[in-house]
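Just so it is clear, the model here is predicted, and its values are computed rather than measured. Note that ligands are numbered from 1 as they come in the structure, with each ligand's atoms numbered from 1 the same way.
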Amino acid sequence: MPIGNGEIAAMFDELADLLDIEDANPFRVRAYRTAAEAVRTYPKGIAELVAAGQPVPKLPGVGKDLADKIHTIVETGRLPLLDEVAERTPRALSDLMKIGGLGPKRVKTLYRELDIRSIDDLRKAAADHRIRDLPGFGEKTEQLILDGVGRLVEQGSRLKLSAAGAVADSLVAHLRAVDGVREIVVAGSFRRRKETVGDLDILATAADSGPLMDRFVAYPDVAEVMSKGDTRSTVRLRSGLTVDLRVVPQSSYGAALVYFTGSKAHNIAIREIGIRRGYKINEYGVFEDGRRLRAPTEAAVYRRIGLAWVPPELRENRGEIEAAAEGRLPKLVREEDLKGDLHCHTKDSDGRSSLLDMARAAAERGYEYLSVNDHTKRVRIANGLDEKRLLAQIRRIDALNEKLDGLVVLKSSEVDILEDGSLDLPDSVLKELDFTVCSVHYGLELPSRRQTERILRAMDNRYFTILGHPSGRRIGERDPYAVDLEKIMIAAKERGCVLEVSAHPDRLDLTDAGCRLAKELGVKLAISTDAHSAAAIGNIRFGVDQARRGWVTAHDVVNTRPLARLRRLLARP
Ligand code: DGT
Ligand code: CA
Ligand code: CA
Ligand code: ZN
């Protein structure tokens, strides 16, 4: 019963958190974090490989000791060192680190001084104002903690799409092994590629549902079987995620897939159109006078009510139904439309892979170009580059391009936008670059008017090309900064600047609504990974998903263009 890469990675992350709280050697902590990232981004199921008699694959930064630990997890489902550490330091403390502003030091203080062992303990202590007097805290921090707890509770246990994907992959692989299964698909918000999912909704077809339900509840990661029936079962996994499995006959597949993909608002609108045309539409089929009509596919269901098939990402009842009726659904951008990536980091700043390894990974994907955008000097914690180091990097990229065949490495930078709206490097250096990504990293708390002015001012610089991660949020951890996004978009269009859709699975800014606004205002977008390792270049899919949810077409995205046209598009008028 294979354990998923995501679950292996989660164990290493938890171990790293707990060791960090215990003040363990930082190199050791970092080694576990590196292992977590390497496992999470590995494209094949490690447990499946081992089950097939292969060794644990060689992963970047993962030595023999860690590979042995991965092997143990795969074989036993446990990491003995984690169990050992958890005896000394409560596991729930690693949850506290999910709250913005709480690092290992502060979590340790909270635990030692106030015996805080859970999110609930933390909420109570903050509400009773017991935190503000701790050394290194204060009123402002106490309020930040209270906000953070509120956000965590509000979003409930919604899981980021990337994490849900890791779970979904191994669960679907587990179910596919059952004889007689035909279709099997993860529907719901997961199929609509929403940035977070509340639960997973798996839909399968089989003549006999029994064996499928049996295997579902026997999945090794199940913590609790909440219900088990012939057509529907629900389980809760150890991570807390709930999963529904529905099994329907093949003849209901089209209608069931439409229904369980949702959204609920889309379904209700579809059902109303059906009623007007004399049809009843539900999860079992399309009916006329109690007689089931043939509708084996989604497209057939939509056709019955005069609509074109609607891509799942658009099914939110935000105008897609009218567009489908009038034949004007957008032709959404696809991952294979992208010709390159316009935001990544290397070891020169805070990336974990070398320039060469990043270039190789991009070439392997078949990209025409990859830009290197290491941080600038102000971002000292990320080892940002000053003028001299950036010029040296430019020369190394020139030398590399001499040798590379097929891929061009573009010279760029992720230039920090300073508080006064100036850029962190002088024009004399910026002009040596092919283009820039400019981002806000500090002063996220500025009021909206000032934040907006700051960014507009930065855009006035003729070397400003792309606004990087344009809201600064981290999903579930840090709210977006306050800013007038519409004003920024209008200014970007006027000046020929571009906005980034970050494919980074923890960021995903712009939001879907932000992407749609950009499209409507006619401002161009770049879909970029902000990759900090060669493997993370594969995250591009999450940015494409988000853009598709925002009705974005290939035409709206600059990095769908071949290099020569990209250069013309990025040049400021
Ligand atoms: P989530 O799980 O909160 O991320 O969002 P969904 O969209 O996956 O919602 P979920 O899991 O409650 O239900 C899955 C799908 O089932 C949903 O997208 C549409 C359909 N559905 C659920 N409840 C209703 C309902 O009351 N009416 C209709 N028409 N459809 C529903
Ligand atoms: Ca769901
Ligand atoms: Ca559900
Ligand atoms: Zn950044």
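- Within the coordination shell of the Zn ion (ligand 4), defined by N, O or S atoms under 2.8 Å, Asp530 is absent.
- Annotation: salt bridge (charged side-chain N to carboxylate O under 4.0 Å, His left out) contacts of Asp427 (sequence neighbours excluded): none.
- Our summary of the site lists the angle at the Zn ion (ligand 4) between NE2 of His441 and NE2 of His469 as 100°, to the nearest 10 degrees.
- Aromatic ring centres of His441 and His469: separated by under 6.0 Å.
- Using a 4.0 Å cut-off between charged side-chain N and carboxylate O, Arg232 and Asp244 make a salt bridge.
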Check the pair Glu500, Ser439 against side chain to side chain contact (heavy atoms under 4.5 Å, CB included), reporting the backbone distance first and the verdict last. CA-CA 10 Å; Glu500 178 178 276; Ser439 315; 5.9 Å; no

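- Protein residues with a heavy atom under 4.0 Å from ligand 1 are Arg158, Gly188, Ser189, Arg192, Val197, Gly198, Asp199, Asp201, Tyr259, Phe260, Thr261, Gly262, Ser263, Lys264, Asn267, Arg271.
- Considering Arg193, Gln546, Arg549, Arg548 as possible partners of Glu313, the one that fulfils the side chain to side chain donor-acceptor pair (under 3.5 Å) test is Arg548.
- Protein N/O/S atoms closer than 3.0 Å to the Ca ion (ligand 3): Asp199 OD1, Asp199 OD2, Asp201 OD1, Asp244 OD2.
- When only modelled atom types and interatomic distance are considered, Thr452 and Asp484 share no side-chain donor-acceptor pair under 3.5 Å.
- Applying the salt bridge (charged side-chain N to carboxylate O under 4.0 Å, His left out) criterion to Lys524, with sequence neighbours excluded, gives no partner residue.
- A donor and an acceptor atom, one from each side chain of Asn539 and Ser162, are nowhere located under 3.5 Å apart.
- Of the charged side-chain nitrogens involved, at least one lies within less than 4.0 Å of a carboxylate oxygen, so that Asp460 and Arg495 count as a salt-bridged pair.
- In terms of distance to the Zn ion (ligand 4), the nearest N, O or S atom of Glu414 is named OE2.
- In this structure, a donor-acceptor pair under 3.5 Å is absent between the side chains of Ser263 and Arg315.
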When you look at Leu342 and Phe435, which way does the side chain to side chain contact (heavy atoms under 4.5 Å, CB included) test go after all the steps? CA-CA 9 Å; Leu342 299 178; Phe435 75 96; 3.9 Å; yes

